[in-house]
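Here the structure comes first, spelled out in structure tokens, and everything after it is commentary.
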Amino acid sequence: MEDSENQALHPSVADADSPDWRVRTAAGQRLAAVSRIEGVAGVLHRLLLDAQDTGVTSATAAALLARRDLAGLRAVLAARAVASDEGTADQLAAELDSDPRWATGESGGELITRLRTLTSDTDPEIRNEALLRLSCLR
């Protein structure tokens, strides 16, 4: 990330550690909208796996999926693959399963195409989660 973008994101990164779930939720939504989320992937991952409130998980996942790109989907799959808390895992799965833009018709093909791409990801957990998601769609 460029220095100016990094400086602009600093408040959102700091807000990701707030004790207030609403502040963490807003931080997740703002960070998910960053053009190159790779620079804040660790913070987004923490928010997707928020141990205190699944509302943070849900809002961050929804914002990442709203990007409709490989990076956003990959981030959600990465969190789903390692989610140890059942509530968090279920919330991530629900966001993946219920996003109406991906669920039907032509957009469903968009999701399948992206999941197929992620079946050859360098991270084995993401590969496995993509394969699992594809098997649920068949």
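Values in this document were obtained by computation on a predicted structure and should not be read as measured data. Note: hydrogens, waters and symmetry copies are ignored here, and every other heavy atom, side chains too, is used.
Using modelled atom types, one side-chain atom of R114 and one backbone atom of R68 make a donor-acceptor pair closer than 3.5 Å. Although no hydrogens or angles enter the test, the distance criterion places no donor-acceptor pair under 3.5 Å between the side chain of S58 and the main chain of T54. Put simply, the side chain of R67 gets close to the backbone of V34: a donor and an acceptor are under 3.5 Å apart. Between the S18 side chain and the A14 main chain, no donor and acceptor come within less than 3.5 Å of each other.
Summarising the geometry of L31 relative to S12, their closest heavy-atom pair is CD2-CB, 3.7 Å, with the distance given to 0.1 Å. Closest of all the heavy-atom pairs between I37 and A75 is CD1-CB, 4.4 Å.
Within the structure, salt bridge (Lys or Arg N to Asp or Glu O under 4.0 Å) contacts touching residues 54-65 (residues at least two apart or in different chains) do not occur.
For the pair L48 and T88, the minimum side-chain heavy-atom distance is 4.5 Å or more. By the 4.5 Å heavy-atom criterion applied to side chains, L9 and V43 are not counted as neighbours.
Judged as a side chain to side chain contact (heavy atoms under 4.5 Å, CB included), and not counting sequence neighbours, the contacts of A130 are L77, L115, L118, T119. In this structure, the side chain to side chain contact (heavy atoms under 4.5 Å, CB included) partners of D123, at least two apart in sequence or on a different chain, are R74, D121, E125, I126.
The pair D50-R24 meets the salt-bridge criterion, with a side-chain N (NZ, NE, NH1 or NH2) lying under 4.0 Å from an Asp/Glu carboxylate O. Note on R46 versus D17: salt bridge recorded, some NZ/NE/NH1/NH2 to OD/OE distance being below 4.0 Å.
Side chains of Q29 and T60: no donor on one and acceptor on the other come within 3.5 Å.
The CZ atom of R30 sits 10.5 Å away from atom OG1 of T25, with the distance rounded to the nearest 0.5 Å.
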Self-check item: Candidate pair L64 and L73, rule side-chain contact (heavy atoms from CB on, under 4.5 Å), full reasoning
Solution: CA-CA 7 Å; L64 284 162; L73 178 59; over 6 Å; no
